[in-house]
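One structure below.
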Amino acid sequence: MAGVGGRASPGLKRWLSSQGLAPRVCVVGSGPAGFYTAQHILKHHDLARVDIYEKLPVPFGLVRFGVAPDHPEVKNVINTFTHTARSDRCAYYGNVAVGRDVTVGELRQAYHAVVLSYGAEDNRILGIPGENLSGVYSARAFVGWYNGLPENRDLKPDLSCETALILGHGNVALDVARILLSPVDLLRKTDITDSSLAALACSKVKRVWLVGRRGPLQVAFTIKELREMINLPGTRPILDPADFTGLGNAVKDAPRPRKRLTELMIKTALEKPGEKMVAAAPREWGLRFQRSPQEVLATADGMRARGIRMALTRLQGLGDSAKAVPTGEVEELECGLVLSSIGYRSLPLDPAVPFDSQHGVIPNSSGRVEGVPGLYCSGWVKRGPTGVIITTMNDSFDTAQSVLEDLQAGVLDVSASRDGFGTVGSILRSRGVRPVSFSDWEKIDAAEVTRGKAAGKPREKIVDPEEMLQLIGH
Ligand code: FAD
């Protein structure tokens with residue numbers, strides 16, 4: 001009776017609903033993984049109730065705090081999540097940090113099943129000298145800053161230099177480069193925060209290098225994001241044709257997305273910009289390949305970044321699995337701003353939950369946490385911090401399917417009733433924690449939309465959690 005392709009079959013759905021049992025499920029985290037897991041369970045079990053706990057007062061995880069402000073169409077998934085949250089069998093409890101305000105053990109006592117969907121809130125570090133100099137930031141913090149993530153609201157990145165260097169060749173790196181180089185008029189009508197817009201308007205950055213350890217065939221960004229960079233008004237690409245020698249032939253039989261992406265890089269590298277184009281493009285960006293960062297170099301006073309020393313590499317092996325091996329040569333590049341975009345990283349939440357620190361994931365099989373029946377995981381904390389929202393949706397449906405199957409197989413004992421938020425609410429009250437409901441969020445949302453209206457923005461995000469709580473009378 002198990003569903004196929006991540007969907008509950010009509011038979012499973014009928015069986016689950018005919019049992020008259022009302023499972024209580026708790027989801028930790030309100031990003032895409034949390035909401036898609038909740039959606040799938042609610043859709044395929046007519047009696048299940050799902051409570052979503054979120055650390056911040058406001059929902060939607062990286063859809064609000066990661067997706068670039070100039071990609072509003074991506075944020076339309078919020079409409080689907082809102083529909084789920086408004087279901088009378090779903091409740092949202094924001095402002096509750098699981099692991100701090102309530103333990104996973106306490107949640108497991110109160111619910112028949114607990115799904116951990118708390119994402120990847122840290123970043124990988126470079127582990128090189130100079131990483132802590134002023135002028136060096138993680139792309140995660142920079143993205144959080146322009147998107148109004150409370151913990152990064154005071155970042156105040158120093159944009160007084162002309163050259164920035166981004167370490168990494170993924171879509172996040174391209175998002176950051178695009179935000180740094182976009183004419184501010186293009187950002188003005190987005191939901192970028194007011195203060196970051198003001199800082200970007202005064203930015204002196206006019207050149208951005210995107211540096212990767214491997215070659216053009218290993219870049220992780222996708223064609224849409226590359227095309228946006230190539231077409232960015234007032235900006236021109238600098239790609240060295242020598243980096244692409246022979247690659248046209250090499251990708252002839254490659255999967256279509258890789259082939260098209262490589263062909264676009266080659267075409268761009270071969271295009272000779274006319275004088276007019278150079279004059280019309282005061283800003284520039286380029287891709288540098290086969291360079292591995294060794295040290296961030298400091299200014300004479302030892303305070304700030306002034307450049308970066310990189311080891312040149314050669315590739316060992318082919319395709320995605322090719323490894324970058326140092327050749328022994330080094331190169332220095334001047335830059336006053338260094339942004340490391342080498343990946344997000346999940347953190348362990350609670351000592352009671354197994355965690356694979358090497359891979360930064362919760363060990364699981366189809367979302368079932370190894371060795372802990374009744375505990376599940378979905379999204380980036382399940383499979384690592386890669387993949388777009390659709391990838392996260394599919395793996396969340398897969399986890400939800402595991403929950404539904406375990407309900408059917410009797411792995412989850414729903415004969416004993418569990419009180420869900422009844423129990424957790426008392427625990428939170430005793431600890432002085434006041435959760436934010438979804439209708440509270442809708443008040444914050446309405447206030448943000450009103451604030452944005454005057455400036456023609458979809459919203460002006462409130463970046464201070466205290467202000468959010470005051471607004472809803474907490
Ligand atoms: P998250 O979205 O991070 O959600 C996790 C949630 O858990 C957060 O709300 C967090 O506050 C909460 N949480 C954390 N700890 C706790 C705790 N202790 N207790 C309670 N709650 C907790 N995908 C696209 O399709 N298009 C894009 O344009 C795109 N742009 C992106 C840009 C950036 C910079 C990044 C980083 C990612 C982007 N993605 C994009 C990918 C997409 O955002 C992810 O696939 C998706 O958000 C992962 O979902 P998640 O729910 O696992 O994690």
Side-chain angles (χ1 to χ4, degrees), residues 26-38 51-78 81 92-104 107 114-123 138-147 149-152 168 170-179 220-222 224-225 228 339 341-350 353 360-362 367 377-396 399 424 433 435-436 441 465:
C26 155
V27 169
V28 177
S30 70
F35 268 107
Y36 281 125
T37 306
D51 291 344
I52 301 176
Y53 290 87
E54 165 60 49
K55 181 171 95 165
L56 293 167
V58 294
F60 311 135
L62 286 170
V63 179
R64 177 177 163 103
F65 294 117
V67 172
D70 57 346
H71 284 170
E73 69 292 347
V74 178
K75 302 185 196 209
N76 288 340
V77 290
I78 287 178
F81 301 162
Y92 168 82
Y93 300 105
N95 198 33
V96 179
V98 172
R100 184 192 68 195
D101 299 332
V102 57
T103 65
V104 173
L107 291 176
V114 174
V115 185
L116 302 173
S117 316
Y118 63 87
E121 291 214 298
D122 200 5
N123 52 271
S138 69
R140 185 186 62 82
F142 191 76
V143 167
W145 168 71
Y146 64 65
N147 275 327
L149 183 63
E151 69 171 88
N152 300 126
N171 278 337
V172 175
L174 285 194
D175 276 357
V176 167
R178 197 176 67 253
I179 295 296
F221 51 71
T222 42
K224 173 179 171 276
E225 279 72 14
E228 278 177 307
L339 293 147
S341 183
I342 56 168
Y344 283 52
R345 197 168 70 104
S346 295
L347 296 172
L349 182 67
D350 185 310
V353 181
V361 292
I362 297 175
C377 56
S378 64
W380 276 15
V381 73
K382 168 188 177 186
R383 60 166 212 282
T386 56
V388 290
I389 294 170
I390 297 281
T391 333
T392 301
M393 178 186 83
N394 287 329
D395 98 51
S396 304
T399 294
V424 175
V433 180
V436 168
W441 148 247

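Counting convention: from 1, in listed order, for ligands and their atoms alike. As the structure is a computational prediction, the values presented were derived from the model and not from experiment.
In the candidate list G31, G29, P32, A97, P32 is nearest to atom 49 (O) of ligand 1, counting heavy atoms. Of the listed residues (V58, V172, V27, L56), the one carrying the non-hydrogen atom nearest atom 35 (C) of ligand 1 is V172. Evaluated by nearest non-hydrogen atom to atom 33 (C) of ligand 1, the leading choice among S346, G66, G99 is G66. Between T391, T392, N123, it is T392 that holds the heavy atom closest to atom 48 (C) of ligand 1.
Under 4.0 angstrom from ligand 1, there are no non-hydrogen atoms of V63. Proximity of V96 to ligand 1, defined as any heavy-atom pair under 4.0 Å, is confined to the backbone N, CA, C and O atoms. At a heavy-atom cutoff of 4.0 Å, ligand 1 is contacted by both the backbone and the side chain of I389. Using a 4.0 Å cut-off between heavy atoms, F65 makes no contact with ligand 1 at all.
When only interatomic distances are considered, the shortest N/O to N/O separation between E225 and ligand 1 does not fall below 3.5 Å. Here's the thing with V98: one of its N/O atoms is less than 3.5 angstrom from an N/O atom of ligand 1. Here's the thing with V143: none of its N/O atoms is less than 3.5 angstrom from an N/O atom of ligand 1. Here's the thing with R383: none of its N/O atoms is less than 3.5 angstrom from an N/O atom of ligand 1. Taking distance alone, with nitrogen or oxygen atoms compared against 3.5 Å, D175 stays at or beyond that limit from ligand 1.
Aromatic ring centroids of Y36 and F81 lie under 6.0 Å apart.
Although no hydrogens or angles enter the test, the distance criterion places no donor-acceptor pair under 3.5 Å between the side chain of Y146 and the main chain of A68.
Protein non-hydrogen atoms do not reach within 4.0 Å of atom 38 (C) of ligand 1.
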